[in-house]
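Below you'll find the structure, written out as structure tokens, and then a few comments.
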Amino acid sequence: MAFDVIASSYREREKEHTPLGHAVIAGISFGATGIFAALVGILYLFHERWIVAWVPEGAADPSGLTLGQSLLLVFAMWAGVQVARKTGEERLGAACLLGAGAGLVAGAVLCVLPIIMSLVKLRFMFIALTQHLYDMLTSGLGLGLGVVVLLVAGALAGAFGALLYRLSPRARRPIIYALVWMASIGVFQELIQLLAQQEVLDPIREWFFTWDGLRPQGAIAIGLVAAAVIAVWDTTRARLEETFVALPQGQQRLLHGSGVALLLILVLILFPLVAGNFIGQVMLFIGLFILMGMGLNLEIGLAGLLDLGFVAFYAVGAYTCALLTADSPYAIGQRVDWFPMFNWWWAMGMAVLMAVFVGVLFGIPVLKIRGDYLAVATLGLGEIVRVLVLSDFAAPVLAGAQGVLNIPPPYLFTGAAVDDPIELYYIALGAAAVAAYFAYRLENSRLGRAWTAIRDDEDVAQALGINLVNVKLLAYGLGAAFAGLAGAIFATMLTSIYPHSFQLIISVNVLALIIVGGMGSLPGVVVGALALIGLPELLREFGEYRFFFYGVAIVAVMRLRPAGLWPSAARRREMQLEEETRAAVEAQLAAETESGAASSPEGPAR
Amino acid sequence: MAAALPSEGMAARIEALRRITFVDVVLWGMRILIVFVVVGGTIGTLIQGRYTGEQWFDNFMFGLMIGGVYALIALGYTMVYGILRLINFAHGDVMMCGAFTSYFLANGLYRSGYLDAHPVISMILIMGLAMITCSVIALVVERICYRPFRHIRTLAPLICAIGASFFLQHSFRGMYGSSVRAYPDPVWLEGEFEIFGFGIPYTQPFVILIALAAMGALYLVVNKTKMGTAMRAVSEDRDAAAMMGIDVNKIIVFTFILGGCMAGIGGVLFCMVYNQIYYFTGFLPGIKAFSAAVLGGIGNVPGAMLGGFFLGVVESVGPALFLDGVGIRAPYQLRDLIAFTMLVMVLIFRPQGILGERLATQRA
């Protein structure tokens, strides 16, 4: 997506600050972020998950480092990084000192919270301000000592952040990778231990983990291994790259894309088999959202049509499947004599066709609406569908709020019912694979290019002879087809469907995973679905806050990495081009100012 | 030549007919359907005579009241759109934030009996708190989500705004809890008075008058003050305004503060009408207020006021008037449908709205 269309030439200048000013600003903003995290409740939520934990002799509770504490440390570190970057301080000692200052300020700002908490009871308003949070913030040492701990830890973390920023990449990368790996293995220890629960592996597992988190020795070992691997990789990387560049272009592309993609596909296929039913259920959800994501990706990523009513197509698929197959008085087959009862496979086909039909129908009125307005118009259309389905008006046909019950599972040709989440997951995966193939072929087809053209500039595209009506309607129809398929699988997965399952939140969910994964990028959809659907399911206690994190993720990705975690190939090329253009322009500007200075009246005088 | 004219006219007509695509047919079908529902429903309802004059009057007054609230919120959308050409998707949630925060003050005042004893002072305090909260949050959202994209005209700011909307909803859910709270109902708003034989609850004139006063104040600010003039200049042409020495940044901040203040008042009034608040309260009035802004012509301040009242009345009278007459069961379930249909219809058929001149079909 072209993110750099310039609307106005007016620019504002960033305010200039002294280095100390930068430190104070960074400290205050990150300290405030910490307070905000505490108020919202995620800080204590994170505090309940250990990264490094051990049970000391004779103690009941484990001690160690929690995710919440590390979150605060990361904030302070980031304040240090920010100062080092903003001031551009070259000297290591000075940068560290500034970083420590920023961390100290952040810690001081954070101290305000426990002090206030000890003075007034705010729990009637902020439900997260519990005694537990107070204990966490003061490290259970009482207010005075707790504040000192916060300040010292903040200063140290800030200095560490600035130090990391100033180090050469050669030294920095191993440290960062070690920390990241320690943290992620610590956080996901339950899952890892569940996977590794075998007789043979038990002693190793127990050496690394307690049931709360990593043991200190385990953390250190993992950190060392991660650092070593990255260090070795960094030294051999140059040589590998040489070999890589020497390869012909086609093989290069193949290697580059297929390596990671192959790994991803293997994970998708084998993981649920190994991991059991719970993971199967989670993966099934991921599969559904991958399907929908690929559908919406055609609309947003390729054609640039921001559709917030996408959930309507999902609902159409689910309801079509339900009304054709369900063992319920609402099923068409039971109400109309001559109408046959469908089995799931045929119903799935019908669901897709219905979704395409509704997609086109949906697209016609909004053909001429562009940009932002389209988002609101489709949102309105989607809500209209939901209100209608929920109302008594449509209840005789669509069952209203009670929903359609008793949807049968698909039967294989052997007669076996597919009702296990893992088996259903393979159906979803198969469907996603077929859909991915279609989407992949569409991307570079004539149609796909027409979509990209209308995304970048509708007027020019029309002038080039692209039939806007057909092309846009195809985008809606084909995008809807994927959602319809997902809806059909969803219906049989739950065996009953209610209008409440089809809230706007699903559209936003799909939108978020596309944004995070990278607009217009197929692997991006998979990555986005794994990150946004999988993570909250695995970290159960965070589920309540998932939409909070979606909001953060959308804003953060749009600001920091607008192309997403896995940018599409086209976008990658564009980014490279932009980078080159910017470099060229900057070089030219530099040359011009130099020659300008030389020829200006003051030039010779200098 | 004279003989050829009619056939030429014919040819032109045939050509025009030939150009009709199925899209036009569908759109005309939609128009006809809407007109049928509106006209047919009205006639049907009036013939059946199921509703008394008093009920119509009640509906109408309720519509005016809720319309005033929509208008206040719509002003925030329309002003920001005028200045930044950006749909401030999070505006409804900004409203919720202010109203939710003011709930704690209102509840405290209510419990202590101060709210009943000193209505004016406590309402000023409550609305002041809501206005301040809304303005601060609107500014934070602007700073974090919109400012980096100020020079970029694509979907990025809108997507960011959607993210901000969910972020606000769920961070307030985390802070204040997910339960629905009952907004206090002061004694002096209980009961009703009679005019021409119609009973009017005190809430209605209270809400309508406050809304009108706030809108009047805003109108004066926009049209009579220096800041307002600068605001209008920036909304005409940001570059030219900057060249005339207007600090565009300051104007944008000012606009968000004004919008936040209106949303604060609107939020408190909305909660006093429905007597409840929770973290998702902002979404629906937000969308409806946006519809009102579009209806009046987005970017147009009087348009937003007009659109708000219009939407409120149609939404309130519509289910009985249009839908009951076409034989739809339980028409009040479809209340929200009317607002959404109006939004979509206006966007399709008259994107410039009632008073506006900007086009949604122009490069958005």
Side-chain angles (χ1 to χ4, degrees), chain A residues 1-12 36 39-42 124-128 300 304 306 308 361 364-377 379-381 383-384 387-388 390-393 459 469 508 511-512 515 545 547-548 550-555 558-559 562, chain B residues 21-23 26-27 30 85-87 89 104 144-145 148-156 158-160 162-171 173-177 238-239 242 248-249 283 287 290-291 294 328-331 333-334 336-337 340-341 343-344 347-348 351 360-364:
Chain A
M1 179 142 309
F3 278 111
D4 42 4
V5 182
I6 288 166
S8 154
S9 52
Y10 171 75
R11 283 282 187 284
E12 77 208 65
F36 178 74
L39 289 182
V40 168
I42 56 169
F124 75 94
M125 190 164 175
F126 298 101
I127 57 165
I300 298 183
L306 182 47
L308 289 182
L361 209 64
I364 289 174
V366 294
L367 273 175
K368 281 188 184 151
I369 304 176
R370 291 189 190 178
D372 302 5
Y373 279 90
L374 182 68
V376 186
L379 173 98
L381 281 178
E383 286 293 289
I384 288 175
V387 173
L388 272 180
L390 196 57
S391 69
D392 283 355
F393 168 58
D459 299 317
V469 173
V508 175
L511 176 70
I515 305 284
Y545 284 89
F547 293 107
F548 174 83
Y550 285 4
V552 175
I554 292 181
V555 174
M558 280 330 266
R559 280 201 54 177
Chain B
T21 57
F22 68 99
V23 176
V26 172
L27 289 184
M30 280 173 60
R85 302 289 184 276
L86 161 86
I87 297 177
F89 200 87
F104 294 99
I144 294 177
C145 301
F149 302 107
R150 202 177 278 171
H151 308 288
I152 294 172
R153 179 62 50 76
T154 53
L155 293 177
L158 181 70
I159 291 172
C160 222
I162 294 172
S165 161
F166 277 82
F167 174 73
L168 284 181
Q169 275 171 22
H170 288 267
S171 43
R173 180 194 151 129
M175 278 197 244
Y176 297 158
R238 198 194 296 172
D239 288 356
V248 175
N249 207 19
F283 177 74
I287 300 285
F290 177 75
S291 312
V294 174
I328 287 176
R329 284 202 283 166
Q333 283 182 341
L334 298 180
D336 296 341
L337 197 70
F340 290 129
T341 315
L343 168 68
V344 176
L347 283 177
I348 296 170
T361 46
Q362 273 174 3
R363 264 196 80 75

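Below, all heavy atoms of this structure are taken into account, side chains as well, without hydrogens, waters or symmetry copies. So you know, we letter chains A, B, ... as the sequences are listed, proteins then strands, and number each from 1.
Most heavy-atom pairs under 4.5 Å with chain A, from the set B:I144, B:L27, B:D336: that is B:I144. For the set A:V387, A:L388, A:V552, the count of heavy-atom pairs under 4.5 angstrom toward chain B peaks at A:V387. Counting heavy-atom pairs closer than 4.5 Å to chain B, the top-ranked of the candidates A:G380, A:G41, A:P365, A:A128 is A:P365. For the set A:L511, A:L374, A:V508, the entry with the most heavy-atom pairs within less than 4.5 Å of chain B is A:V508.
In this structure, no portion of B:L168 lies under 4.5 Å from any heavy atom of chain A. Within the 4.5 angstrom heavy-atom criterion, only side-chain atoms of A:I515, from C-beta onward, approach chain B. Only the side chain of B:L343 comes within less than 4.5 Å of a heavy atom of chain A; its backbone N, CA, C and O stay farther away. Contacts between B:I87 and chain A at a heavy-atom distance below 4.5 Å involve backbone atoms as well as side-chain atoms. With a 4.5 Å cut-off on non-hydrogen atoms, A:L367 touches chain B through its side chain but not through its backbone. Interface remark: A:L361 contributes no atoms to any contact with chain B (heavy atom separation under 4.5 Å).
Between B:F290 and A:L379 there is no side-chain heavy-atom pair separated by less than 4.5 Å. Proximity of A:L308 to B:I162: side-chain heavy atoms (C-beta onward) are separated by under 4.5 Å at one or more points. Taking the side chain as every heavy atom from C-beta outward, B:R173 and A:F547 never approach each other to under 4.5 Å.
The shortest heavy-atom contact between B:C160 and A:V555 is O-CG2, 3.7 Å. Closest heavy-atom contact between A:I127 and B:G177: CD1-CA, 3.4 Å. Shortest non-hydrogen contact noted between B:F340 and A:I384 is CB-CG1, 3.6 Å.
Tested against B:F167 for a ring-ring contact (aromatic ring centres under 6.0 Å, His included), the candidates A:F36, A:Y545, A:Y550 yield a single pass: A:F36.
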Run the ring pair (Phe, Tyr, Trp, His ring centres under 6.0 Å) test on B:F166 and A:F548 for me, step by step, so that the C-alpha distance in whole Å, both residues' side-chain angles and the decisive distance to 0.1 Å come before the verdict.
CA-CA 6 Å; B:F166 277 82; A:F548 174 83; over 10 Å; no
Decide side-chain contact (heavy atoms from CB on, under 4.5 Å) for B:V294 and A:V376; before the verdict, give the C-alpha distance in whole Å, the side-chain angles of both, and the deciding distance to 0.1 Å.
CA-CA 10 Å; B:V294 174; A:V376 186; over 6 Å; no
